[in-house]
Amino acid sequence: MNKKLIYSAIVCLGLSMSSCNDFLDVEPPAGFTPEYLFESEDEINSLITNVYSAMTRDQIYGGAFAYNLNTNTDVEMSSFSNNTVNSAGSDIGCFDVKPYWSTLNDTWNAVYSAINVSNDIIEGIENSPLYLQGRASEQLKHMYGEIKTLRATLYLDLIRTFGDVVFVTKPSESTDNFQVGVTDRNEILEFLIEDLISVEPGMKYAADLDYGVERASREYCQGLIGLLAMNRGGWTLRPDKEIPSSIGYMERGENFEHYYDIAIEYLGKVIDEGKHDLKQSYEQVWANECKWTTVSNDDIIFAVPMLKGTTGRYAFNIGVTIAEGTHEYGRARNYVTFCGTYIFSFDKNDLRRDVTCAPYKYDEDLNQELDMGIAGMGVGKWSKLKMDAPMGASSQGNTGINAVRMRFADVLLLYAEAVNERFGPREDAKEALKRVRRRAFDASLWTDKVESYVESLGSEETFFEALMNERKWEFGGESIRKYDLARWNKYGEVIYNLYNEMVNWGLVANGQYIEGIDDVPTNIYYKDIPDPVNTGRTILDIQGIDEYMHARPAGYEDKEYAISWRVLDKETQAYKTADEISWSFRGFINMNNDRIVKPTDPLRYLCPYPTKVVTDHRGLIQNYYGF
């Protein structure tokens, strides 16, 4: 065991959390020795909390995997108005990422730091007298599975960000990793799947754990096995090593059917064991998150536990924008915005739409202001205004709202997808989809919106298209759309279609006929009305979303919407597509190449290895994909 590494982790991480009052508030034990730690279940538990603490960092789930590393999709989207590279590294969204950006190196190092500590703990448990000779208690068996599940979580997100990565499962000094190259991602996924299958039976359910779904539970392990298998069975971008400047090609691993079968088995366990459900309303699920309320038997299966005032950017950088004022909530500056077409993709009766999409922000007096655009609109799931205990007028930054990593709705839809892939739209796949849609619509509409809708999906193709859409509506703002599009081999096609759809919306709004597009939201109309809950404040009555309107109602203000997606070029005096559309996908399709790009072209959604990583590995790691 690397005593130096694990001692450093305990001291640095443990002491950094000393101001907190939940289970992450750990202190390094007095008289530390590794032998002492691994002879005590309590001390092993304290070690594991340090891995959770590491996962809360901005470079991992506190920020990077939530918004810093977002790439544009038909859900989450950042706007870019030119083809000039931003030296600060914000161009990841438009697929024009650069290996020298520090945010990539910071995330790489932070994740491997957490993985290395996990490896130390795993080996320490395996060599512990508590574990050897069949003496492991139920609690120790759980903790052994728990730490392996956390390690697998970290590796999965590394793979989904970088592709093939350095794979280490034994304790090491950080510099030891410089002596190896990367391992094929499929090999890593296969190892992790088998590794978790071996420990899953010994783990405890969330309902039986202190802090519930804030710990990696048996059902999260089962769901993660399913998710790992879906990624192993899905598509991924591969490099053309003969032509490093090439974008590469999309490939599906051999024997993918086997991994979909594994997914069916383990996702099915989560469903059949009945530890989770969708009994709470969609709105209540997210209200609970903003109130720091943990429910262990409903939708949330696992959430990385953040620390109030110390870690976690939800409701500050991910959520609804709030101007600083004298109010007690403090400011919020949202960085995760939705694509301008997204809110219009929902059924107007879908209860998820108005929870997810916030076409407004708040001024310094907490009155709503319109917040819509090509890539505008915040994520309504997270808002400081939902907090029962406001954080104070000067509060900003870390809110302590947990980073949700898996929900029961995700398990249901992944299960439906895997079954459909193997057997077509079988009844159990249909029922899984129905369960998600029942929560999305009022019970009075279930006959039409649930039963008839799902039963009409008679082929594998139509059922899959419905699942693509359902995941789009269910997980808005949760930053997983990019992963779905990649493993489906649909990323390039979706961005190609989105780009052209946005171009065409601008044309149609300005009077041009485009076949297949009957109408678009040319304008949005809004007015202030009294807030029925908060006396003295106003909210917006917004028209033009449920039904497109082309005449301003009396008493309403007018905001140009799709009509503004065509603008006058001052130099040529000709109308052109707005720059935010022309350049927001520039690493794949833009105004200069849109005539030659095809929907079947591979899209470079992976990030390059950081420059320092390539240098440190002394030729053992090389960037491809044209980086």
For this session: Among Val111, Val404, Thr56, Leu154, find the residue that satisfies the side-chain contact (heavy atoms from CB on, under 4.5 Å) test when tested with Tyr61.
Result: Leu154
At what distance, to the nearest 0.5 angstrom, does [atom1] of [X] lie from [atom2] of [Y]?
| X | Y | atom1 | atom2 | answer |
| --- | --- | --- | --- | --- |
| Thr71 | Ile92 | OG1 | CD1 | 9.0 Å |
| Asn72 | Arg481 | CG | CZ | 13.5 Å |
| Tyr52 | Ile147 | OH | CD1 | 7.5 Å |
| Ile121 | Phe38 | CD1 | CZ | 6.0 Å |
| Leu412 | Arg437 | CG | CZ | 14.0 Å |
| Cys290 | Tyr314 | SG | OH | 11.5 Å |

Exercise. Any side-chain heavy-atom pair from Leu603 and Met250 closer than 4.5 angstrom?
Worked result: no
Exercise. Is the closest side-chain heavy-atom distance between Leu351 and Glu283 below 4.5 Å?
Worked result: no
Between [Y] and [X], does any NZ, NE, NH1 or NH2 come within less than 4.0 Å of an OD or OE carboxylate oxygen?
| X | Y | result |
| --- | --- | --- |
| Arg151 | Asp195 | yes |
| Asp277 | Arg435 | yes |
| Glu219 | Lys275 | no |
| Glu478 | Arg405 | no |

Verify the neighbour count for atom [atom1] of [X]: are there more than 12 heavy atoms of other residues, nucleotides or ligands below 6.0 Å?
| X | atom1 | answer |
| --- | --- | --- |
| Lys141 | NZ | no |
| Lys291 | NZ | yes |
| Glu126 | CD | yes |
| Glu254 | CD | no |

Examine the side chains of [X] and [Y] and answer whether a donor and an acceptor come within less than 3.5 Å of each other.
| X | Y | answer |
| --- | --- | --- |
| Thr236 | Arg185 | yes |
| Tyr342 | Asp74 | no |
| Thr310 | Asn398 | no |
| Gln284 | Asn288 | yes |
| Asn402 | Glu214 | yes |
| Tyr415 | Lys269 | no |
| Asp299 | Gln280 | no |
| Ser128 | Glu39 | no |
| Trp488 | Glu417 | yes |
| Tyr67 | Glu76 | no |
| Thr153 | Tyr220 | yes |
| Tyr491 | Thr73 | no |
| Lys482 | Asn70 | yes |
| Asn45 | Arg215 | yes |

Would you say the side-chain atoms of [X] pair up with the backbone N or O of [Y], donor to acceptor, closer than 3.5 Å?
| X | Y | result |
| --- | --- | --- |
| Asp298 | Lys279 | yes |
| Tyr282 | Glu474 | yes |
| His617 | Val180 | yes |
| Thr49 | Ser46 | yes |
| Asn68 | Thr103 | no |
| Ser113 | Asn109 | no |
| Asn420 | Glu460 | yes |
| Ser217 | Val213 | no |
| Lys434 | Ala429 | no |

Exercise. Sequence neighbours excluded, which residues qualify as side-chain hydrogen bond (donor to acceptor under 3.5 Å, both in side chains) partners of Lys204?
Worked result: Gln139
Seminar exercise, completed: For Glu187, the salt bridge (charged side-chain N to carboxylate O under 4.0 Å, His left out) test, sequence neighbours excluded, returns none
Exercise. Residues in salt bridge (charged side-chain N to carboxylate O under 4.0 Å, His left out) with Glu190, at least two apart?
Worked result: Arg232
For this session: Could you tell me how the ring of Tyr144 sits relative to the ring of Tyr131: parallel (under 30°), tilted (30 to 60°) or perpendicular (over 60°)?
Result: tilted
Exercise. Parallel, tilted or perpendicular: which describes the rings of Phe256 and Tyr260, with under 30° parallel and over 60° perpendicular?
Worked result: perpendicular
Exercise. Can you list the steps and then say if Thr356 with Phe475 is a side chain to side chain contact (heavy atoms under 4.5 Å, CB included)?
Worked result: CA-CA 9 Å; Thr356 300; Phe475 302 111; over 6 Å; no
Problem set entry | Cation-pi check, Arg160 onto Tyr483 ring (under 6.0 Å, within 45° of axis) | yes
Problem set entry | Pi-cation contact, Trp292 with Lys308 (under 6.0 Å, within 45°) | yes
Exercise. Does the gap between the ring centers of Phe167 and Phe191 come in under 6.0 Å?
Worked result: yes
For this session: Kindly give the heavy-atom pair with the smallest separation between Ala152 and Leu196, and that separation in Å.
Result: CB-CD1, 3.9 Å
Problem set entry | Trp382/Phe316 under ring pair (Phe, Tyr, Trp, His ring centres under 6.0 Å): CA gap, chis, key distance, verdict | CA-CA 8 Å; Trp382 299 282; Phe316 180 71; over 10 Å; no
